[in-house]
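Please read all numbers here as calculations on a predicted model, not as lab measurements. By convention here, the first residue in the shown sequence is residue 1.
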Amino acid sequence: MKKLSKLASALATVMLLSSAPQVFAESVFSDISDKKYSWAVGYIEDMHSQGFISGYEDGTFQPDKDITRLEALSL
């Protein structure tokens, strides 16, 4: 439950900070192309294009991973 609330909070922040999302043909992050995240891809890509998020060094976004306090503050 705690993990779900962290993810929901992070995604809500991403959605609030972004303007109209753009959907790209190919995702910058290799792990969000799954149908499970199709609703969030536009928001994630938009935040990435504006420089708010960069993902991880291995080219992933890791949407199911718990975020640290530092990551939350940087958003």
Set of residues satisfying salt bridge (charged side-chain N to carboxylate O under 4.0 Å, His left out) with respect to Lys36, sequence neighbours excluded:
Asp64

Does Glu71 have any side-chain contact (heavy atoms from CB on, under 4.5 Å) partners at least two apart in sequence or in another chain, and if so, which?
Tyr56, Ile67, Thr68

Counting C-beta onward and ignoring hydrogens, is there a side-chain heavy-atom pair between Ile53 and Phe61 closer than 4.5 Å?
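Touching, per the 4.5 Å side-chain cut-off.
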
Under 4.5 Å between any side-chain heavy atoms of Pro63 and Asp31, yes or no?
yes

Applying side chain to side chain donor-acceptor pair (under 3.5 Å), name anything that partners Ser30, two or more places apart in sequence or on another chain.
none

Identify, with sequence neighbours excluded, every residue that meets side chain to side chain donor-acceptor pair (under 3.5 Å) alongside Asp34.
none

Closest heavy-atom pair and its distance - Ile32, Ile44
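Closest heavy-atom pair between Ile32 and Ile44: CD1-CG2, 3.9 Å.
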
